[in-house]
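Right, one structure below, let's go through it.
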Amino acid sequence: MDTHNYEFSSKTDKPRRAWMSRYAEFHRRSITDREAFWAEQAQLIDWQQAPKQICDYSNPPFARWYVGGTTNLCHNAVDRHLKDRADQAALIYVSTETDEEKTYSFRELHAEVQRMAASLLELGVRSGDRVLIYMPMIAEAAFAMLACARIGAIHSVVFGGFASGSLASRIEDAEPKVVVSADAGSRGGKVVAYKPLLDEAIRLSKHKPAAALLVDRGLSPMDLTAGRDHLWGPLREKHLNTPVPCEWVDATHISYTLYTSGTTGKPKGVQRDTGGYAVALAASMKYIFEGKPGETYFSTSDIGWVVGHSYIVYGPLIAGMATIMYEGLPIRPDAGIWWQLVEKYKVSRMFSAPTAVRVLKKQDPAFLKKYDLSSLKALYLAGEPLDEPTAQWISQGLGVPIIDNYWQTETGWPILTIANGVEKAPSKFGSPGVPMYGYDVKLISESTGEELTGPDQKGVVAIEGPLPPGCMQTVWRDDARFVNTYWKSIPGKLVYSTFDWGIRDKDGYFFILGRTDDVINVAGHRLGTREIEECISGHPNVAEVAVVGVADQLKGQVAMAFAVAKDASGLTSDAARLKLEGEVMKLVDSQLGAVARPSRVFFVNLLPKTRSGKLLRRALQAVAEGRDPGDLTTMDDPAALQQVRELVGAAAKP
Ligand code: AMP
């Protein structure tokens, strides 16, 4: 299996069914012989007690995997490897922000995780308690996640780019006993203080964590709150040699919650189990990522996102690989930094997002040739649609397969891709691939609610229950929201909606055509437009606002806001409008974080609405993108769209 027959083919190529026979059978078995298939995969991890039942789906849509089994994620990621590879690299921390580089062997990682676990125990954390992790990309963030898993605590990582408002709503929902954070992160050489944002978030939240465990990187001075704030340094020293055994937990024990955006303003806590997740990751490392023990995995994501959970921390470590945690930009000190790391650490599998590749594409292509990349076997890209020029450019530049993969925070591992570990298969430009084993993927007609079985029909991408191991169990503390948001009954079936449009071609390859809801995807980051609207509405001079996603060459999409001012009398000049626009952007920065900041805030006299007062979001988005808005017969006042057209048109002029 050393040579690959990987190739791109165009959508119009002849059917390529023959090569897929082995994979097709593998996939079929995962659905029709589910219990036996997933019982086999369960062998990929260590269990303290073997599961008694593989899948309990007696109460759909709630699936309980590996019932009766007990295991531990940290054991599988760390302790299990001590026997064979204690001195092999496990975690490679590289920061081009602070010029630090440190490799932790499995033995050293084991020690650090126990120190962190002992510190959390000292601060009162027990199995089932929540620990919120608000951290930059530093090794201690991984120690904290693994330490939680070790003692059965539920971690909830909040992306470090989120500001105090986003953080406060997550603290309130997760009710953590302890928050693990740091003095600061750094981006592009600029220190971003975390502690004041954390303090403000705790002030805003109704729930007050009992303690904060703080890593002092010496980047930004911290005001410590007596009795609540504890420094990691001294606690670590105190627990240098405190052994903390792994707590064996039920397979269904919650390992973590991770908040993600949906249609409504309030982010959902996606809740994940332990046993199913460990098995799903171990299987994906074998069949999709083909990771071998002793090799190095480099995912350029952030621990604040699901890719960071599955493919920076848990997946590679479970597979016995070294994993790189990189703090920094892809173009600093220069656009060769990633490839320099690939050469230095002999990275075999790399995972990134199309936006990052588009950033590199604007740089000197010579950087792709400067380093020895012979260790690299494949580059996996996910999080947003992969456009053909980007895929072509990086594929030719690196000379390795580019493997698009489509999934969501909710699923924890790829729904659609190519499982080269089962059988080598070609990719098609524009398609993430075929349904992965365990996922019974359907396309559902929006108009009739029925399953679409023919080729090239557009429908909502859905998955027939039960969801495979590793996917969300429910929405944290809100089973009703889980059922009502995601699940639909179609004749004879209960299906999970991904909220993505898709089509399937005659060869069974899927193409993803964008979200069906108000979620937008900015540089691979999933944002709810409603959340941004709620924030902007908080400005004293905003009466009404609509946020839409607008196509962008670099980031895929950007958020664009159209607001009606409460008092427009002062908005007669460009300068006045720009001043208010700046205020609104600052508000978003301070409450949600710069990641959610709209690219522009335009002030309009009115928003395009139907006569019954419903916002014409799709029409607004179409006009903002310079497209035809389609049928407008229900529209109340056409002047609204005309003004949007003029504003966007004028802004686009050089
Ligand atoms: P998140 O939960 O943040 O990972 O975002 C998931 C969403 O990102 C999906 O529902 C899709 O809309 C989009 N997405 C993720 N991966 C891909 C991909 N490979 N191609 C197209 N869209 C993707």
Side-chain angles (χ1 to χ4, degrees), residues 157-159 161-162 166 256-263 267-272 284 288 299-312 351-358 378-388 390-391 394 402-418 427-436 439 441 443 458-463 467 470-472 475 485-486 496-504 509-529 531 549 551 555-557 593 595-596:
V157 182
V158 177
F159 175 54
F162 282 136
S166 306
Y256 68 77
T257 64
L258 179 58
Y259 288 83
T260 191
S261 302
T263 298
K268 295 182 280 275
V270 166
Q271 176 183 315
R272 191 101 59 218
S284 71
I288 301 171
S299 166
T300 68
S301 184
D302 187 286
I303 47 141
W305 309 117
V306 68
V307 178
H309 284 63
S310 294
Y311 300 113
I312 294 177
F351 194 130
S352 193
T355 293
V357 177
R358 286 192 291 266
L379 172 66
Y380 300 82
L381 296 175
E384 57 182 315
L386 173 62
D387 56 288
E388 187 159 343
T390 304
I394 193 72
I402 306 303
I403 300 178
D404 190 355
N405 54 116
Y406 159 83
W407 47 297
Q408 312 179 299
T409 306
E410 287 86 343
T411 67
W413 61 284
I415 305 169
L416 300 171
T417 185
I418 298 292
S427 295
K428 290 191 187 195
F429 274 129
S431 164
V434 298
M436 282 299 95
Y439 290 102
V441 182
L443 282 174
K458 179 177 169 183
V460 179
V461 179
I463 303 162
L467 292 174
C471 294
M472 76 189 293
V475 172
T485 306
Y486 293 104
Y496 162 92
S497 171
T498 60
F499 292 94
D500 281 304
W501 294 112
I503 56 169
R504 174 180 40 215
Y509 281 78
F510 280 73
F511 294 79
I512 299 296
L513 308 172
R515 297 283 301 193
T516 64
D517 58 4
D518 298 327
V519 164
I520 59 172
N521 194 319
V522 179
H525 300 328
R526 174 168 159 187
L527 301 169
T529 49
E531 215 179 322
K555 297 181 173 180
Q557 275 187 313
V595 64

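Both backbone and side-chain heavy atoms feed into the values below; hydrogens, waters and symmetry mates do not. For ligands, and for the atoms within them, numbers begin at 1 and follow the listed sequence. Since this is a predicted model, take the numbers as computed values, not measurements.
- For R515, every heavy-atom contact with ligand 1 shorter than 4.0 Å involves the side chain, none the backbone.
- Separation of the Y311 and W407 ring centroids falls under the 6.0 Å cut-off.
- Protein heavy atom at the shortest distance from atom 3 (O) of ligand 1 is R526 CB, 3.2 Å.
- Atoms of ligand 1 lying under 4.0 Å from at least one heavy atom of P385, given by number and element, are 20 (N), 21 (C), 22 (N).
- With respect to atom 20 (N) of ligand 1, the closest heavy atom belonging to the protein is E384 O, 3.4 Å.
- Looking at N521 and R515, their side chains never come closer than 4.5 Å, going by heavy atoms from C-beta outward.
- Residue-to-ligand polar distances place G383 within reach of ligand 1: an N/O pair is separated by less than 3.5 Å.
- For the pair Y380 (side chain) and I288 (backbone), a donor-acceptor distance under 3.5 Å is present.
- For ligand 1, the atoms lying closer than 4.0 Å to a non-hydrogen atom of W407 are 6 (C), 9 (C), 15 (C), 16 (N).
- In terms of polar-atom proximity, defined here as any N/O pair under 3.5 Å, N405 does make such a contact with ligand 1.
- Residue contact check: N521 has heavy atoms under 4.0 Å from atoms 8 (O), 13 (C) of ligand 1.
- Looking only at distances, no side-chain donor or acceptor of D302 sits under 3.5 Å from a matching main-chain atom of W305.
- Remark: ligand 1 atoms within the under-4.0 Å shell around heavy atoms of D500 are 9 (C), 10 (O), 11 (C), 12 (O).
- Between the N405 side chain and the I415 main chain, no donor and acceptor come within less than 3.5 Å of each other.
- At a heavy-atom distance under 4.0 Å, atoms from both the backbone and the side chain of T409 approach ligand 1.
- Distance alone, capped at 3.5 Å, places no donor-acceptor pair between the E531 side chain and the S261 backbone.
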Worked verdict on Y256 versus V306 for side chain to side chain contact (heavy atoms under 4.5 Å, CB included): CA-CA 11 Å; Y256 68 77; V306 68; 4.2 Å; yes
